[in-house]
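Encoded as structure tokens, the structure appears first; notes follow it.
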Protein chains: 2
Amino acid sequence: MAGTTERGEAGERGPGRRAGRPATIKDVAAAAGVGIATVSRVFSGGSVSADTRARVLAAAGELDYRPSAVGRSLKLQRTGGIGLIVPDVTDPFCADLIAGVLDCARTFGEHVLLDAAHGDAAREAAIADRMMEQRVDGIIAVPEGAPAAWRSVVAAGARVVSVDRVLAGAPEILTVLIDDRAGVRALVEYLVGLGHRRIAFLGAGAPAVARERAFRDTLAQLGVAVDEDLVVAARPERDSAYAAAAGLLQRQAGASAVLAAGHLIGEAAVLVARELDLRVPADVSIAMVGDVSWAELCDPPLTAVARPGHDAGYRACELLLRDRARAVGGPVLLPTELVIRGSCGPPRRS
Amino acid sequence: MAGTTERGEAGERGPGRRAGRPATIKDVAAAAGVGIATVSRVFSGGSVSADTRARVLAAAGELDYRPSAVGRSLKLQRTGGIGLIVPDVTDPFCADLIAGVLDCARTFGEHVLLDAAHGDAAREAAIADRMMEQRVDGIIAVPEGAPAAWRSVVAAGARVVSVDRVLAGAPEILTVLIDDRAGVRALVEYLVGLGHRRIAFLGAGAPAVARERAFRDTLAQLGVAVDEDLVVAARPERDSAYAAAAGLLQRQAGASAVLAAGHLIGEAAVLVARELDLRVPADVSIAMVGDVSWAELCDPPLTAVARPGHDAGYRACELLLRDRARAVGGPVLLPTELVIRGSCGPPRRS
DNA sequence: TTGAAAGCGCTAACAG
DNA sequence: CTGTTAGCGCTTTCAA
């Protein structure tokens, strides 16, 4: 009867434990007849006698107990989670990046909070803020906002790793970069080697400045003049890319090859070329930065510069989690790979 | 001098506040000369006099204070986060789904924990478990594990929404489905209407059972016999898909059209057809389920059944967050759309 | 090996 | 309107 009384005191949760709030460490302790400290030890690897441990585990199983990460985080002052902010989850590069972060995070036993900023700096800042409130152990971002905004995030005590963008004047922010310069250089050398002299660059401006620079520099090194008419701005969005591609190709500017600064722009170039009945590569060669999956499916398959998104994410996460000593020298630079397919050939003899 | 003493007592954090641990509600209260409850009210919308509020806000700004979501979660017994488990972030459908969830979660002010199970049921279960420990307010998943495993998750008190899979025998689990049956039916009707009688189904088995069923049923309804030689199994992975496509197309089974059950399988079919120098659609028509971006870039552009991934994610999240009353009748069924492009034509006269 | 107790940052009930 | 206080679930000294 004493036993019955005890159960009564413990509440309705014994038999038919309704899906009420989850069991707590106290419930388990009571059920196992031990102190809560012992239960804690069982679950966080302290030393407990085999006998006691078994009893605790049994009770925990009975109650379907899971230690609350919230309670633990509060005590430990770290959550074991990291924040990841990308421009757009559906972009193949971002998707690879996310996969990389997830893979690495898993090896560290960290979980990942994800959000997308969609090119909106204010939104990005709000997301970062929220993640700080969640007390993530660090933030990985493909930042679109101003360096100042991110500097304030690190000032607030966050560890942040920037991927694929350099945040000028923020030495505390570790950076993982992809060597687009080398990639573009290889591509330009390839095109020039094929005999092209009038190479268009599609997608100048904003996020692709480094690529444009590499384009100009390489051409200069090779002694090929840049025709400014062939350098056209485009944002990496379908409408902008399409407009730019159509503008370039329709006006018959005499480009024998088109270098698209990104995969969306490459997509537009392919589409426009097809609509204008330009044969690739007979009439015009096309190549792009970003080796997305359709490049191989295209007809002809598109030559492209592959960018290691998965690696970038993985490395970024490693940087964030492993090298807690800030002293990492300079940004990590990841190599690209020129994937030559069938979309580039010698220019048509005019 | 009294002032000086106070600052001294407050510690080193006044001037040049080193990036120590983040300021707490206590710090702010002390700095503003109010009680912690008042600070709490300022930040969680209680009533505070304008004057006091200003002082608190000033102090908080000075200290760069952000309320800790961990503390709040512990007190409130809810974290404001939801878990999202997909098979693979880099799959275009999953990416759309994630974007949808993110969009919806934002309108509810919830954050999202993401992880990928990669077809591994055990890993999926571990992820779900971890999310439960994090005390997410609910879990959205494209489940790959057994219904039993998920039933135990809901038994543990979690709200879960299943997307794109039905978890048999788990009435508590809300479900968002995509009407693949209708999509495949439309596609088959289209092909039969074009004159095809020997239609191959590539990708029978595992995750595509509903699609295969719809394939068979529709053919039966239209009075067209199914040649079992033309129904070949394939998992939605590149190697398996490729093997299946090559197997089918190389043996010259006499299929005049190929229906690929997924985009990876469609990709394989396109590649194999190209290698075998089969003209599309002159020699063989190809269509697939899943309208990924390359379908339009392909040559010829591929006819496909578009599946609303973004919508599915959005609706799933809504279901999880809005309709907290379980009484939702049956699964949500989202319509597909048949996108007709150039990859299907009348069969070659033999 | 084990238990009691303090305290992580916060909210809410209760006084004043 | 404001402050005091208890307590959310957990880890971790400190004793026993």
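All of these numbers come straight from a predicted model, not from anything done at the bench. Both backbone and side-chain heavy atoms feed into the values below; hydrogens, waters and symmetry mates do not. Residue numbering restarts at 1 for every chain, and letters A, B, ... go by the order of the sequence lines.
At most 12 heavy atoms of other shown residues, nucleotides or ligands fall within 6.0 angstrom of atom CZ in R315(B). By the 6.0 Å contact criterion, CZ on R130(B) is enclosed, its count of non-hydrogen atoms from other residues, nucleotides or ligands being greater than 12.
One N or O on the side chain of T79(B) and one on the backbone of R135(B) form a donor-acceptor pair closer than 3.5 Å. Side-chain N or O atoms of H118(A) include none that pairs as donor or acceptor with a backbone N or O of D88(A) at under 3.5 Å.
Inter-residue side-chain proximity for R66(B) and P22(B) is flagged as unmet; no heavy-atom pair is nearer than 4.5 Å. At least one side-chain heavy atom of P87(A) sits under 4.5 Å from a side-chain heavy atom of C94(A). In this structure, the side chains of V101(A) and L97(A) come closer than 4.5 Å at one or more pairs of heavy atoms. At a threshold of 4.5 Å between non-hydrogen side-chain atoms, the residues D115(B) and L102(A) count as touching.
Across the helix from dT1(C)-dA16(D) to dG16(C)-dC1(D), the helix axis at one end is tilted relative to the axis at the other end by 40° (nearest 10 degrees, each axis from five pairs).
Heavy-atom distances under 4.0 Å link DNA chain C to S47(A), V48(A), S49(A), T52(A) of residues 46-55 of chain A, given in residue order.
The pair R78(A)-E110(A) counts as a salt bridge, with a side-chain nitrogen and a carboxylate oxygen less than 4.0 angstrom apart.
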* Structure fact -> Per-nucleotide protein contact along nucleotides 6-16 of chain D, 5' to 3', at a 4.0 Å heavy-atom cut-off (B base, S sugar-phosphate only, - neither), is -BBBBBBB---
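When every heavy atom of V56(A) is checked against every heavy atom of A32(A), the shortest pair comes out as CA-CB, 3.9 Å.
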